[in-house]
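Everything below concerns the one structure shown next.
Values below: all heavy atoms of this structure, side chains included; hydrogens, waters and symmetry mates excluded.
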Amino acid sequence: MNPEHPTDLLQRLAPGERVVVRYRIEGGFTDALGVLLRAGSGDCTVSTRRGDVLIPYPLITAAKPVPPAPPRRERKFPA
């Protein structure tokens, strides 16, 4: 059985799905956790808490859908 490449999965997912994408950066790897905005022919865009991340497909090493984020807890003390 030939495993599916992560980019094939991303192209099949609908925009709005929550995903985690692992990709190469200088010196190692990092993850983008957030909402898939777009999966084009050569890259994808994930909306994370820190902003939108454009990830070229050749840099992607893993990807998968993830469940919705848990609800944020209320603060016990005022800010």
Please report, to 0.1 Å, the donor-acceptor pairs under 3.5 Å made by any side chain of residues 35-42, with sequence neighbours excluded.
unit_1: Arg38; atom_1: NH1; unit_2: Asp43; atom_2: OD1; d: 3.3
unit_1: Arg38; atom_1: NH2; unit_2: Asp43; atom_2: OD1; d: 2.4

| request: Check the pair Val53 / Tyr23 against side chain to side chain contact (heavy atoms under 4.5 Å, CB included), numbers first and verdict last. | output: CA-CA 11 Å; Val53 180; Tyr23 60 101; 3.5 Å; yes
| Is it true that a side-chain atom of Arg18 and a backbone atom of Pro67 form a donor plus acceptor pair closer than 3.5 Å? | yes
| query | Tell me, do Thr7 and Cys44 make a side-chain contact under 4.5 Å, heavy atoms counted? | reply | no
| Any side-chain heavy-atom pair of Thr61 and Val21 under 4.5 Å | no
| message | With a 4.5 Å cut-off on side-chain heavy-atom distances among I, L, V, M, F, W and Y, is there a chain of contacts connecting Ile25 to Val19? | response | yes
| Can Leu9 be reached from Tyr57 by stepping across I, L, V, M, F, W or Y side chains whose heavy atoms are under 4.5 Å apart? | yes
| hydrophobic_cluster_shared for Leu59 and Leu13, side chain cutoff 4.5 Å | yes
| message | If I compare all heavy atoms of Pro6 with all of Ala62, which pair ends up nearest, and what's the gap? | response | CG-CA, 3.6 Å
| task | Could you check Arg22 against Ile60 for side chain to side chain contact (heavy atoms under 4.5 Å, CB included), going step by step and ending with a plain yes or no? | result | CA-CA 6 Å; Arg22 175 155 290 189; Ile60 294 175; over 6 Å; no
| field | Side chains of Ile55 and Thr45 in contact at under 4.5 Å (non-hydrogen atoms) | value | no
